[in-house]
Amino acid sequence: PVKFQFKPVFDTPEWHGDEGEYPMKLIAYRPLGYAEGSGANQPWLRFLRSRPHIRYWVVAASINPASVPHGVHDGETIAVTSPWGSITIPVQFDARVEPGIVAIPAGGGHKAFGRWAAGFGANVQTLLWPGAARYTGADAESCTRVRVAVASKTSKGKEG
């Protein structure tokens with residue numbers, strides 16, 4: 001038998017990236033149709049919205065309107081940048097998202113994997129801090145700081 005003991009510890013997340021340069025916190029989440037990741041090439045899963053207000057067949061970053069940087073408008077393409085990477089993705093304003101947070105669904109940005117997956121959305125994994133959580137060793141997917149700006153018109157929905 002293997003002996004295992006849970007550590008009864010709660011620790012505030014340690015956000016990675018300079019707060020002055022990267023003022024927003026990234027929440028990378030798995031949308032309803034994500035499953036274990038192999039559904040990216042299933043067109044019927046595109047009819048499951050990643051968030052209630054986002055249209056079908058759209059992968060978008062959700063931001064509270066109170067947190068939007070000057071010059072960013074609802075529905076336009078933004079550049080989301082962390083110390084580890086950058087993506088471009090449409091933005092949808094959502095008052096249900098906590099101010100200071102950017103919520104981006106996982107499962108997009110495939111370069112292949114069939115005609116329904118290739119080139120659809122942006123890969124949020126590109127932005128994430130590559131380290132592990134302090135006590136568990138698990139991937140720390142929600143500990144990355146980012147900045148948001150208007151993207152150039154030439155690079156929609158792609159990694160930068």
Side-chain angles (χ1 to χ4, degrees), residues 1-54 56-64 66-68 78-114 116-148 157-160:
V2 175
K3 184 177 179 180
F4 180 81
Q5 182 175 355
F6 285 102
K7 296 179 181 178
V9 176
F10 172 79
D11 194 18
T12 304
E14 180 182 353
W15 293 90
H16 300 277
D18 179 74
E19 187 174 357
E21 190 174 349
Y22 303 98
M24 301 188 82
K25 296 174 180 175
L26 173 66
I27 301 296
Y29 68 94
R30 293 184 176 181
L32 187 57
Y34 183 83
E36 81 293 346
S38 67
N41 198 36
Q42 303 299 320
W44 62 273
L45 288 175
R46 301 286 185 231
F47 289 99
L48 299 173
R49 298 175 186 204
S50 59
R51 294 193 50 83
H53 69 290
I54 296 176
Y56 304 117
W57 287 82
V58 172
V59 175
S62 297
I63 301 174
N64 187 300
S67 302
V68 177
I78 58 171
V80 182
T81 305
S82 77
W84 299 278
S86 182
I87 62 173
T88 56
I89 188 168
V91 64
Q92 295 291 310
F93 296 169
D94 187 346
R96 294 169 292 195
V97 175
E98 182 179 330
I101 300 289
V102 178
I104 300 177
H110 293 275
K111 295 183 188 315
F113 199 34
W116 300 108
F120 184 78
N123 187 355
V124 70
Q125 302 291 327
T126 303
L127 302 172
L128 298 179
W129 175 65
R134 195 177 351 219
Y135 293 107
T136 65
D139 290 338
E141 291 189 349
S142 292
C143 293
T144 301
R145 291 187 159 280
V146 296
R147 70 173 171 254
V148 172
K158 304 293 180 201
E159 297 166 29

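The chain is numbered in sequence order, starting from 1. Values below: all heavy atoms of this structure, side chains included; hydrogens, waters and symmetry mates excluded. Fair warning: this is a prediction, and the values are worked out from it, not measured in the lab.
Taken to the nearest 0.5 Å, the CD1 atom of Ile63 stands 7.0 Å off from the CZ atom of Phe93. Note that CG of Asp18 is 8.5 Å distant from CZ of Arg145, once rounded to the nearest 0.5 Å.
A perpendicular orientation is assigned to the rings of Trp84 and His16, their planes being inclined by more than 60° (bins at 30° and 60°).
Residues Val80 and Leu127 have side chains in contact (heavy-atom distance under 4.5 Å, counting atoms from C-beta outward). Using a 4.5 Å heavy-atom threshold, the side chains of Thr81 and Val146 count as separate. Inter-residue side-chain proximity for Ser82 and Trp129 is flagged as unmet; no heavy-atom pair is nearer than 4.5 Å. Taking the side chain as every heavy atom from C-beta outward, Val59 and Ile89 approach each other to under 4.5 Å.
Among all heavy-atom pairs drawn from Pro105 and Ala60, the shortest one is CD-O, 3.4 Å. The two residues Val148 and Met24 come nearest to each other via the heavy atoms CG2-SD, 3.9 Å.
Not counting sequence neighbours, Ser67 has no partner by the side chain to side chain donor-acceptor pair (under 3.5 Å) test. Partners of Glu21 under the salt bridge (Lys or Arg N to Asp or Glu O under 4.0 Å) rule, at least two apart in sequence or in another chain, are Arg147.
Among the candidates Asn123, Ile87, Ile27, the single residue satisfying the side chain to side chain contact (heavy atoms under 4.5 Å, CB included) test with Ile104 is Ile87.
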Practice item. Evaluate side chain to side chain contact (heavy atoms under 4.5 Å, CB included) for Val97 paired with Val102, printing each intermediate quantity in order. Key: CA-CA 8 Å; Val97 175; Val102 178; over 6 Å; no
